[in-house]
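The next block holds one structure in the form of structure tokens; read it before the comments.
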Number of protein chains: 2
Amino acid sequence: MLDENIKNQLLTIINPERYLDQPEALACYAYDAFVEESLPDAVIFPKTTNEVSGILKIASQFKVPVTARGAGTSVCGAPIPVKHGIIVCFSKMDTILDVNTRDRYIIVQPGVVNADIQKALAPFGFFYPPDPGSMNTATIGGNIAQNAGGPRCLKYGVTVDYVLGLEVVLASGKIIRFGSKNVKDVTGYKLTSLFCGSEGTLGIVTEAILKVRPLPETTKTLMVMFDDLDNTARAVTDIIGSGILPAAMELMDQMTLTAIEDAANLGLDKTAQGSLLIELDGVEEACEKEMKQIIEKVKENGATHIQEANSESQRQNIWTARRAAYGIFAKLAPDIMSEDVTVPVSKVPAMIRKIVAIAHKYRLKVGVLAHAGDGNMHPMIPTNKADRDEWHRVKKAFDEIFEAAAQLDGTLSGEHGIGLAKSKYLPLVMNQDTIDFMKIIKKAVDPDNILNPGKFA
Amino acid sequence: MLDENIKNQLLTIINPERYLDQPEALACYAYDAFVEESLPDAVIFPKTTNEVSGILKIASQFKVPVTARGAGTSVCGAPIPVKHGIIVCFSKMDTILDVNTRDRYIIVQPGVVNADIQKALAPFGFFYPPDPGSMNTATIGGNIAQNAGGPRCLKYGVTVDYVLGLEVVLASGKIIRFGSKNVKDVTGYKLTSLFCGSEGTLGIVTEAILKVRPLPETTKTLMVMFDDLDNTARAVTDIIGSGILPAAMELMDQMTLTAIEDAANLGLDKTAQGSLLIELDGVEEACEKEMKQIIEKVKENGATHIQEANSESQRQNIWTARRAAYGIFAKLAPDIMSEDVTVPVSKVPAMIRKIVAIAHKYRLKVGVLAHAGDGNMHPMIPTNKADRDEWHRVKKAFDEIFEAAAQLDGTLSGEHGIGLAKSKYLPLVMNQDTIDFMKIIKKAVDPDNILNPGKFA
């Protein structure tokens, strides 16, 4: 509970029904899709930028932590209020303010769900490329805070590549706006990119101008099975190395395929050791030509079964398998650790071997799911945090997985972010002066450390 | 001249032949391609990151300004040492350290010339997309400092979209490294983007990991003439609005065409009021299909002459005209002001009308050259700075051009940067709190303001 005086001041700018502090209500905002929890003291639902500014002015005055929250789908604990304080929840700032496909942008409030952006653009023949697995519920504010990715980011790039302009409320309550509606803009520091991926530690985004793209003329989707995981991974590096850039290239290993088939009965071959879902998009003739080249490459690498989607419903069927993976894994055990290491694509085979060996060493099950074309891997370990011994082994396994990624010139996160989960691993990929440099920026921008404190910066 | 003590300390880490302070030598480092000049006190040519670190430690101790310099091709005065001090010139740190097309990156020192990167990649069938007009001499360090663009950035994005990782020496002399060899990397703040476009005000880049791409299978190039400039501009918005994304779409007006033809005798039609150079690249069949659609669109907009390049030499001929423009303009008068406003593409016709009207009002000649597909316009005014009256009118004209761009939701720079030229216009596109925010970052990172002082931050 916040001090009565602070609460009263907040209630001068926020209607009481948009202020929660009953314990049973607070409990709903204590967690995300990561494995930690921490209760906030209050949850506030602003409707305007000025209200957000007002909240931050008060928070700043009393040095109360403030953590922004979208749909809470983060898998790294980014919106968990570890230092308690106020959760600013953006579910009531969910308006699409402008759709301009002629100039290729859309303007949205942070609470707009990613999938609703797609729906707003589709009638104009446009789309917004970043497509995190959680896109049906995740909000764009969270996508920006975490610099979210997704399967088709292989071809199209991640969130930061689509943020043209932002309105941000600083810890002081000051409102700044930067970037513009222009795809080319080098006016001052590139602040859009500084805030994108900053996990709410530098300011709170209250409006975003996003770049959008015309929908491709056609999409071709392929599901390929292999009887060897190494061959599967090698097919990926061969295809990417040849110069083709598919829209998506998703790898799943046998454990993942089996878990999906057991749960969803999609007709997947449970004996396959690895699979690739490959999607091409663009001009019809180009896709056809490149699809032929891809089929040759997967055959060279020993593909045992190749299924091309001949209709949109077949395509959706293939994607359902891939999209279901996380949800199905989450039900295999009380807890799930879904990680997000990335390595240069030529090192995907080596990294997969490492992950499998490490899991084996610690007697853990691991499913490997990867946006393989850009080397972004999601090893998923179903576990039970209450089983102290197993939980200890899970943590040891991830320690070694991150070390292995770093040794292979990889990095700690391709799209999930650092959050609570990975601060301690930062020294694996950057020196202390670099970590200190991030802290210098954080300290300058948020001197009282009220913005999402306890996270990486 | 630097104080003898400072000079002696610098000479303990830099060989004397890599330290210049004779007046006639300093004069060569007082200017770039902008219209101002200011002498440094010394010019140093480091060979290693540690030498750069040593220079900055000394500069920091004695609070001596330090300005990094590549080839000096900036057109906004970014490397002009307005507060004097030390120029750190990167011509001796010009090594390509690694070419890895399998993982799609190249590692370079800052003094490597953009064109040499292309030459190193070509044998592997790869290229580095950003292609500023100065690419045959401009260095990658300068490209990164200014977040350089170029014609094909329409399709491929600008420098910031290709910087995967950097090594940077801070004002303190500390060396930080961030980003990685991974195309997807959300480990901490996106510092690559903060430094890219920061014009040497936050740190000095000493090594860069750049993303590269496979060369397209084919390229198709078209030169189209119009008897009306409005029609020319409308053809641009029609093509972009239809969803096609050419690799480049360059607009030139009659004055530009005439100047080029008079100087270079390329057979250009001097009566044409506007021209478009349109280039498509990608898979052969896709380019053919889209080229047909483009030809239809330009015909609908009243194209009077359409010339398709049927060979690489014809293509080079068309590009020679476009690439020669700046150099030819620079010879029309003692000085040239080449500007860089950008507007959303649907506003290109309106912005061109504004530019022409403003030049007319102030009795100035103006050539309009534009990367029109992304709304990035380069109005070029040949002038004589010594003619006080004319120079005054030039400045008034640019004041109004920037105001017009801001009113059309445009911005001050698409690819040249702010430098000396445009600090004073920042309030046209951002509020004071946003400008102050940039200063907060600058102050935190470079508390003594020794890094390229006197510029925008």
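Letters A, B, ... are given to chains in the order of the sequence lines, protein chains preceding strands, and every chain is numbered from 1. Here the structure is a predicted model, which means the values were calculated and not measured.
Counting heavy-atom pairs under 4.5 Å between each of A:Ser413, A:Gly157, A:Gly125 and chain B puts A:Ser413 at the top. Most heavy-atom pairs under 4.5 Å with chain A: of the set B:Val183, B:Leu412, B:Leu194, B:Asp185, this distinction falls to B:Asp185. The greatest number of non-hydrogen atom pairs below 4.5 Å with chain B, out of A:Gly375, A:Gly414, A:Ala444, A:Pro214, is found for A:Gly414. Between chain A and the options B:Thr434, B:Val283, B:Asn182, the largest number of non-hydrogen pairs under 4.5 Å is found for B:Asn182. Listed options B:Asp409, B:Leu245, B:Asp340 were ranked by heavy-atom pairs under 4.5 angstrom with chain A; first place goes to B:Asp409. The greatest number of non-hydrogen atom pairs below 4.5 Å with chain A, out of B:Val429, B:Ile240, B:Val158, B:Asp161, is found for B:Ile240. The candidate from A:Thr237, A:Val160, A:Ile244 with the greatest count of non-hydrogen atom pairs under 4.5 Å with chain B is A:Thr237. Note: A:Ser198 leads A:Gly197, A:Gly149, A:Ser198 in heavy-atom pairs under 4.5 Å with chain B. Contact count against chain A (heavy-atom pairs under 4.5 Å) is highest for B:Gly243 among B:Gly241, B:Gly282, B:Gly243. In terms of non-hydrogen atom pairs under 4.5 Å with chain A, the most contact-rich of B:Ile435, B:Thr101, B:Thr342 is B:Thr342. Ranked by heavy-atom pairs under 4.5 Å with chain B, the first of A:Leu202, A:Ile441, A:Leu426 is A:Leu202.
With a 4.5 Å cut-off on non-hydrogen atoms, B:Val168 does not touch chain A at all. For a residue to count as touching a neighbouring chain, one of its non-hydrogen atoms must lie under 4.5 Å from one of that chain's; by this rule B:Asp433 touches chain A with backbone and side chain alike. The contact between B:His416 and chain A is made entirely by backbone atoms, counting heavy-atom distances below 4.5 Å. Proximity to chain A is absent for every atom of B:Thr192, based on heavy atoms less than 4.5 angstrom apart. For a residue to count as touching a neighbouring chain, one of its non-hydrogen atoms must lie under 4.5 Å from one of that chain's; by this rule B:Gln432 does not touch chain A. Neither the backbone nor the side chain of B:Leu154 has a heavy atom closer than 4.5 Å to any heavy atom of chain A. Residue contact with chain A, scored on non-hydrogen atoms closer than 4.5 Å, is absent for B:Leu215. Within the 4.5 angstrom heavy-atom criterion, only side-chain atoms of B:Glu290, from C-beta onward, approach chain A. Neither the backbone nor the side chain of B:Tyr425 has a heavy atom closer than 4.5 Å to any heavy atom of chain A. Neither the backbone nor the side chain of A:Ser423 comes within contact range of chain B; no heavy atoms are under 4.5 Å apart.
For the pair B:Asn147 (side chain) and A:Val186 (backbone), a donor-acceptor distance under 3.5 Å is absent. Side-chain atoms of A:Arg104 never come within 3.5 Å of backbone atoms of B:Val345 as a donor-acceptor pair (strictly under, hydrogens ignored).
By the 4.0 Å N-to-carboxylate-O rule, A:Glu217 lies close enough to B:Lys289 to be salt-bridged with it.
Not less than 6.0 angstrom separates the ring centroid of B:Phe178 from the ring centroid of A:Phe437.
Taken from NZ in A:Lys174 to CD1 in B:Ile440, the straight-line distance is 6.5 Å, to the nearest 0.5 Å. Taking CG from B:Asp436 and OG from A:Ser172, the interatomic distance works out to 10.0 Å, rounded to the nearest 0.5 Å.
If you check the side chains of A:Ser180 and B:Thr411, you find no donor sitting under 3.5 Å from an acceptor. Looking at B:Thr201 and A:Tyr189, their side chains do bring a donor and an acceptor atom within 3.5 Å of each other.
Closest non-hydrogen pair, A:Lys184 versus B:Asp374, comes out as CD-OD2, 3.1 Å.
When B:Ser346, B:Ser242, B:Pro344 are each tested for a side chain to side chain contact (heavy atoms under 4.5 Å, CB included) with A:Arg102, only one passes: B:Ser346.
At least one side-chain heavy atom of B:Met430 sits under 4.5 Å from a side-chain heavy atom of A:Thr187.
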